Participant: 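Mind having a look at this structure? Questions to follow.
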Amino acid sequence: MSEARPSMAWSPDSWRSCTVAQIPDYGNSVRSTAVMEALAQLPPLVTSWEVEALREQIALAQAGTAFILQGGDCAETFADCNSAAIVTKLKILLQMSVAIISGIKLPVVRIGRIAGQYAKPRSADMEVRDGVSLPSYRGDIINHNAFTADDREPDPELMLRAYERSALTLNFIRALIDGGFADLHHPENWDLDWVSHSPLADEYHRMVQTVADGLDFFESLTGKSIDQARRVDFYTAHEGLHLPYEQAQTRFLGHRQKWYDLTTHFPWIGARTSQPGSAHIEFFRGVSNPVGVKIGADMTPDWLRSLLHSLNPDNEPGRLTLIHRFGAARIRSLLPPLIEMVKKEGARVLWVCDPMHGNTETASNGLKTRRFENILDELASAFAVHRDCGTWLGGVHLELTGEHVTECTGGARGLTDADLRRDYRSQVDPRLNYEQAMEVAMRIAQHGNKREKR
Ligand code: PEP
Ligand code: CO
């Protein structure tokens with residue numbers, strides 16, 4: 001890696017002198033300044049100890065000795081900050097992780113798109129309905145989804161509401177995990193309805209048994225309990241889109257002599273805001289969290305090279321994750337040149353596949369959907385391309401829910417376009433329902449079984 005460093009001095013607000021895309025400009029309004037001051041006073045949502053622990057886990061995944069499972073809603077909503085929705089999201093990620101562990105026989109690091117996934121990039125600034133044009137809905141942290149001029153007006157107070165919902169969500173997740181809910185010895189805690197009705201149930205139970213047997217075997221052999229299995233780690237992530245919010249919770253920690261964005265463990269930069277020199281790249285180059293960047297079909301090797309240098313000039317392990325999302329039809333041609341460039345640079349990155357965002361389409365009835373077969377296909381291609389290039393696909397990034405929604409077609413129940421309206425709830429992108437999500441986890445386990453030992 002070269003020594004080239006951006007010349008501009010970094011500060012938590014240096015992004016303001018760059019090109020800012022996808023977020024409202026509150027200007028210097030009295031209200032937005034007051035909200036940012038309030039957020040800066042409130043305690044951080046996560047700690048640097050947790051952030052550093054995740055960075056180490058990501059470094060292990062880079063090295064091929066762990067696997068990252070990142071998943072959750074496309075957009076969290078304030079209304080979904082309730083016990084049932086949070087428990088269900090946790091359960092599906094825990095179940096999926098057991099299925100993956102049983103196949104790949106490596107630790108799985110669970111990262112939720114949760115406790116802060118409230119800001120959305122949009123392809124159009126305005127939405128037109130019946131000849132009326134209003135600003136697009138950009139997530140609950142920015143404006144409201146209802147189609148009125150008042151609701152669509154960006155409101156800085158919503159940053160405080162998002163902070164509070166994130167804190168409530170995190171508090172509940174931490175209590176569940178500390179209390180033993182996530183103990184791998186008791187996977188029955190995570191049973192969802194589907195297990196009793198699904199064609200995949202037998203396979204899932206077999207996988208759970210494999211993991212339980214492995215734990216028992218180790219414990220009887222050593223006479224010790226695997227404490228780590230009693231308290232699995234769970235981390236949070238969201239798209240670091242709404243920079244005023246991220247900035248307000250960014251602190252310089254004297255004991256580490258570094259800046260941290262303490263709204264989340266793992267922020268990522270979306271595909272629409274990662275242009276070289278953009279405000280989002282400027283902001284995230286200065287914080288010490290591990291960061292992800294989405295890599296879409298328009299990414300070029302030169303552009304990616306510039307991101308490697310801006311975001312990880314010292315080539316630190318665990319710092320940078322590249323989340324590729326090309327679509328099933330294009331991954332085989334678009335991914336290899338990027339991998340080759342990264343190899344040539346000697347850059348340390350974690351490769352993660354997002355098989356969702358390159359496969360979005362409009363169904364015959366006008367609803368946004370994704371075909372399950374395309375999602376599986378992109379995932380299979382991702383494993384194959386990395387194997388051929390000699391790199392390790394160290395994780396997946398999914399939009400999913402533990403509920404029985406009908407947003408993506410296909411899967412074990414063969415959902416068609418005609419089924420979509422039955423239970424379509426997402427306000428933004430279509431998510432895998434719990435059964436489709438488990439099927440993806442089982443496929444990952446199969447790919448893991450085939451992987452060459454490293
Ligand atoms: C997302 O993850 O919801 C998203 C908008 O992704 P991308 O930036 O890859 O389009
Ligand atoms: Co999405």
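Start at 1 and go down the list; that is how both ligands and their atoms are numbered. All of these numbers come straight from a predicted model, not from anything done at the bench. For reference, positions follow the sequence shown, starting with 1.
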Participant: What are the two closest non-hydrogen atoms of V287 and R319, and how far apart are they?
Facilitator: O-NH1, 2.7 Å
Participant: With atom 10 (O) of ligand 1 as the reference point, say which of Q22, K294, R325, H397 has the nearest heavy atom.
Facilitator: R325
Participant: What residue and heavy atom of the protein are closest to atom 3 (O) of ligand 1, and at what distance?
Facilitator: K120 NZ, 2.7 Å
Participant: Taking only heavy atoms of E399 into account, list the atoms of ligand 1 that are under 4.0 Å away from them.
Facilitator: 1 (C), 2 (O), 3 (O)
Participant: Considering both backbone and side-chain atoms of E239, is one of its nitrogen or oxygen atoms within less than 3.5 Å of a nitrogen or oxygen in ligand 1?
Facilitator: no
Participant: Could you identify the N, O or S atom of E399 positioned closest to the Co ion (ligand 2)?
Facilitator: OE2
Participant: What is the nearest protein non-hydrogen atom to atom 4 (C) of ligand 1, stated with its residue, atom name and distance?
Facilitator: H357 NE2, 3.4 Å
Participant: Under 4.0 Å, counting heavy atoms only: does M356 come that close to any atom of ligand 1?
Facilitator: no
Participant: Which N/O/S atom belongs to D429 and is the closest one to the Co ion (ligand 2)?
Facilitator: OD2
Participant: Establish, for the pair R110 and F234, whether the NZ or CZ atom is under 6.0 angstrom from the six-membered ring centre and no further than 45 degrees off its axis.
Facilitator: no
Participant: So, is G270 polar-close to ligand 1, with some N/O to N/O distance under 3.5 Å?
Facilitator: no
Participant: When only distance counts, is D354 in polar contact with ligand 1, meaning an N/O pair under 3.5 Å?
Facilitator: no
Participant: For atom 8 (O) of ligand 1, which protein heavy atom lies nearest, and how many Å away is it?
Facilitator: A271 N, 2.8 Å
Participant: Using heavy atoms and a threshold below 4.0 Å, how should the contact between P121 and ligand 1 be classified: side chain, backbone, both, or neither?
Facilitator: side chain
Participant: Between R122 and Y137, what is the shortest heavy-atom contact and its length?
Facilitator: NH1-O, 2.9 Å
